[in-house]
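Here the structure is laid out as C-alpha cells; the discussion comes afterwards.
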Amino acid sequence: MSFSGIGYDCHRLVPGRRLVIGGVEIPHELGLDGHSDADVLTHAVIDALLGAAGLGDIGEHFPDTDERYRDADSLELLETALTSVIAAGLEVDNVDCTLIMEAPRLGPYRQEIREQLARALNLPATRVNVKATTGERIGFVGRGEGVAALAVASVSAR
Ligand code: MG
C-alpha cells in the first residue's frame, strides 16, 4: 500500500537575501524572503512528504513564529520531517518536484539540488526528480516577484 502527498510553496524575491533552492545557494542579485532560509523547493517537498504520511503540514511542524527556525537550514527541516515519517512506520518511495522561477536558470544547479534533496531524504538520487520551468513572463513568477514550487511524494508502509 502506498500513499501520495502534494506540496506547494512560494516565496517573495527581495534584495539582501540568499537564493537557496533545494539546499543549494545560487548566486543572484535577489534572494527569497522568509523566516527560515526560505528554500521554496525544499518546503514544497516537506509538505508533500508530510501529506503522504498524513502528518499535517510544514506550518504545524515548524511554525514561522518559532525563533528556533529563524534562518533554519530547510534541508535539516526535511531530515526532521523524514524522521517523523519513519516514526509513523513509513518509508519514502520517491519524490518529484518542479521549481517555477523566471531567473536565474536552474539547469547548472539541478543535479546538485537533486543530490542534496536525495541525501536529506536518505534516498538514491534516482528516486528524487527535480524539474524547472519559468512563469512565461506572466504572473508573480513571470514578473520576477517571487518563486513557486510544487512537489509530490509517495510513501509506503515498511
Ligand atoms: Mg515556505
Side-chain angles (χ1 to χ4, degrees), residues 4-52 55-85 92 94-123 125-153:
S4 56
I6 187 173
Y8 168 82
D9 195 25
C10 66
H11 281 265
R12 197 181 293 266
L13 274 169
V14 295
R17 291 273 305 182
R18 298 183 302 143
L19 179 61
V20 180
I21 303 287
V24 176
E25 186 166 343
I26 297 174
H28 193 52
E29 64 267 27
L30 300 173
L32 294 173
D33 196 20
H35 184 67
S36 66
D37 62 4
D39 183 342
V40 62
L41 186 65
T42 300
H43 291 181
V45 169
I46 290 170
D47 254 355
L49 202 60
L50 293 173
L55 290 172
D57 69 23
I58 189 170
E60 293 172 47
H61 287 255
F62 312 107
D64 64 7
T65 50
D66 191 328
E67 281 303 310
R68 276 182 300 168
Y69 304 123
R70 180 174 296 281
D71 297 321
D73 178 342
S74 293
L75 283 185
E76 289 181 10
L77 304 185
L78 177 56
E79 289 172 10
T80 302
L82 176 66
T83 302
S84 300
V85 170
V92 183
N94 79 301
V95 168
D96 183 28
C97 56
T98 300
L99 184 78
I100 314 162
M101 180 167 74
E102 205 67 15
R105 291 303 169 107
L106 199 71
Y109 308 99
R110 197 159 69 157
Q111 186 58 30
E112 190 181 348
I113 291 168
R114 185 182 200 183
E115 287 167 8
Q116 288 292 321
L117 289 172
R119 185 188 52 74
L121 286 162
N122 199 23
L123 286 174
T126 50
R127 300 287 194 96
V128 180
N129 196 59
V130 176
K131 309 187 298 299
T133 188
T134 72
E136 292 286 341
R137 286 179 277 158
I138 53 175
F140 74 90
V141 172
R143 291 190 297 269
E145 296 167 7
V147 177
L150 296 159
V152 171

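Keep in mind that what you see is a predicted model, and the values were worked out from it rather than measured.
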**Asked** Counting only heavy atoms not in Arg12, do more than 12 fall under 6.0 Å of its CZ?
**Response** no
**Fill in**
On a heavy-atom basis, the closest approach of Val24 and Gln116 is CG2-CG, 3.8 Å
**Prompt:** To the nearest 0.5 Å, what is the distance between CG (Leu55) and CD (Glu60)?
**Reply:** 9.5 Å
**Message:** For the CZ atom of Arg110 and the CZ atom of Arg105, what is their distance to the nearest 0.5 Å?
**Reply:** 12.0 Å
**Asked** Taking atom CD1 of Ile58 and atom OG of Ser36, what is their separation to the nearest 0.5 Å?
**Response** 7.0 Å
**Request:** Keeping the roles fixed (side chain from Arg114, backbone from Val130), state whether a donor-acceptor pair exists under 3.5 Å.
**Result:** no
**Asked** For residues Gln111 and Glu115, is any side-chain donor paired with an opposing acceptor at under 3.5 Å?
**Response** yes
**Asked** Between Leu13, Val45, Leu19, Asp9, which is the residue that forms a side-chain contact (heavy atoms from CB on, under 4.5 Å) with Val40?
**Response** Asp9
**Prompt:** What distance do Cys10 atom SG and Ile100 atom CD1 have between them, rounded to the nearest 0.5 Å?
**Reply:** 9.5 Å
**Asked** Is there a side-chain contact between Ile21 and Leu99, using heavy atoms and a 4.5 Å cut-off?
**Response** yes
**Message:** I need the minimum non-hydrogen distance between Phe62 and Ala81, along with the two atoms involved.
**Reply:** CZ-N, 4.2 Å
**Prompt:** Within a radius of less than 6.0 Å around CG of Asp33, do more than 12 heavy atoms belonging to other residues, nucleotides or ligands occur?
**Reply:** yes
**Item:** Straight-line distance of Leu106 CG to Thr133 OG1, nearest 0.5 Å
**Value:** 11.0 Å
**Complete:** Which of Leu41, Leu32, Val147 passes side-chain contact (heavy atoms from CB on, under 4.5 Å) with Met101? It is Val147
**Item:** Exercise: identify the closest heavy-atom pair between Pro27 and Tyr109
**Value:** CD-OH, 3.4 Å
**Side-chain touch Val92/Leu49, heavy atoms, less than 4.5 angstrom** = yes
Distance-only donor-acceptor hits, side chain of residues 71-78, under 3.5 Å, sequence neighbours excluded:
residue : atom : partner : partner atom : Å
Asp73   : OD1  : Leu75   : N            : 2.9
Ser74   : OG   : Asp37   : OD1          : 2.5
Ser74   : OG   : His43   : NE2          : 2.8

**Request:** State, yes or no, whether a side-chain contact exists between Leu117 and Thr42 at a heavy-atom distance under 4.5 Å.
**Result:** yes
**Asked** What are the two closest heavy atoms between Ile26 and Pro104, and how far apart are they?
**Response** CG2-CG, 3.8 Å
**Item:** Counterpart residues, side-chain hydrogen bond (donor to acceptor under 3.5 Å, both in side chains), relative to Thr98 (two or more places apart)
**Value:** Lys131
**Prompt:** Under 3.5 Å, side chain of Asp39 to main-chain N/O of Gly22, donor-acceptor pair present?
**Reply:** yes
**Request:** Answer whether the closest heavy-atom distance between the side chains of Val152 and Cys97 falls below 4.5 Å.
**Result:** no
**Item:** Approximate separation, where rounding is to 0.5 Å, of Leu121 CG and Glu79 CD
**Value:** 9.0 Å
**Message:** Could you check whether any side-chain N or O of Arg17 sits under 3.5 Å from a backbone N or O of Gly34, counting only pairs where one atom can act as donor and the other as acceptor?
**Reply:** yes
**Prompt:** What pair of heavy atoms forms the shortest contact from Tyr8 to Asp47, and how long is it?
**Reply:** O-OD2, 4.2 Å
**Prompt:** So, for Ala48 and Ala151, which heavy atoms are closest and what is the spacing to 0.1 Å?
**Reply:** CB-O, 3.6 Å
**Item:** Verdict with supporting geometry, Arg137 and Glu102, side-chain contact (heavy atoms from CB on, under 4.5 Å)
**Value:** CA-CA 7 Å; Arg137 286 179 277 158; Glu102 205 67 15; 3.3 Å; yes
